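What you see is a predicted model, and the numbers here were worked out from it, not measured in a lab.
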Amino acid sequence: MELLSLLLPRVKLCATLLCITASLLLTIVKAEDPYRFFDWNVTYGDIYPLGVRQQGILINGQFPGPDIHSVTNDNLIINVHNSLDEPFLLSW
C-alpha cells in the first residue's frame, strides 16, 4: 500500500505531462494546403475549330489549353511564358 501511495502521484504527473505534450503537438503541427505547379508556353499555331484552318493561340501546343485538376484550397502556381509578339492577358 505504501508503494502504491508513493507511485500514484508520479503516475498522475506522467499522465498529465503526456496529455499536455500530445495537445501541444496537435496544436503546433498543421498541414498546409497542397501546391500545384504548372509551366505554360503561349504560342501561335494552326487550329481547326469548325474544320477550317486558322491561326490561334496555343498553350503548350494545345487548343483548347491544358486542364487544371485541382480542388478547393489548392494553391496554383502557374508560370506563363509569353512567346507571342504582343501582350497576352489570361483571366479566370
Side-chain angles (χ1 to χ4, degrees):
M1 186 70 174
E2 219 175 282
L3 181 62
L4 182 61
S5 63
L6 288 174
L7 289 178
L8 191 58
R10 289 184 179 184
V11 169
K12 285 183 181 179
L13 178 64
C14 286
T16 304
L17 288 176
L18 183 64
C19 288
I20 291 171
T21 303
S23 65
L24 283 175
L25 282 176
L26 290 175
T27 305
I28 294 172
V29 177
K30 294 182 180 178
E32 190 172 332
D33 294 328
Y35 281 79
R36 303 201 186 279
F37 296 90
F38 299 92
D39 270 320
W40 288 359
N41 186 30
V42 180
T43 59
Y44 290 116
D46 291 334
I47 61 173
Y48 300 85
L50 297 173
V52 179
R53 182 180 150 275
Q54 59 184 338
Q55 187 179 44
I57 295 176
L58 309 176
I59 298 177
N60 292 345
Q62 298 178 21
F63 178 82
D67 290 334
I68 299 175
H69 298 286
S70 64
V71 295
T72 302
N73 292 337
D74 281 357
N75 297 291
L76 302 178
I77 308 296
I78 303 173
N79 295 311
V80 179
H81 307 279
N82 184 5
S83 298
L84 305 177
D85 55 3
E86 60 185 330
F88 177 71
L89 174 67
L90 188 65
S91 63
W92 277 272

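Here I77 is tied into one hydrophobic group with Y35, F37, each link being a pair of ILVMFWY side chains closer than 4.5 Å. Clustering of Ile, Leu, Val, Met, Phe, Trp and Tyr by side-chain heavy atoms under 4.5 Å joins L89 with none of the others.
Sorted by first then second residue, the salt bridge (Lys or Arg N to Asp or Glu O under 4.0 Å) pairs that include residues 68-79, not counting sequence neighbours, are R36-D74. Identified under the salt bridge (Lys or Arg N to Asp or Glu O under 4.0 Å) test for residues 44-65, with sequence neighbours left out: D46-R53.
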Indicate every side-chain donor-acceptor pair of residues 78-86 with a distance under 3.5 Å to a residue at least two apart or in another chain.
from : atom 1 : to  : atom 2 : distance (Å)
N79  : ND2    : D39 : OD1    : 3.3
N82  : OD1    : L84 : N      : 2.9
N82  : ND2    : E86 : O      : 3.0
S83  : OG     : N41 : OD1    : 2.7
D85  : OD1    : Y44 : OH     : 3.1
E86  : OE2    : Y44 : OH     : 2.5

Give the table of side-chain donor-acceptor pairs shorter than 3.5 Å for residues 61-70, with sequence neighbours excluded, one pair per line with atom names and distance.
none

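Taken together through direct or relayed side-chain contacts under 4.5 Å among Ile, Leu, Val, Met, Phe, Trp and Tyr, F38 and I57 form part of one hydrophobic cluster.
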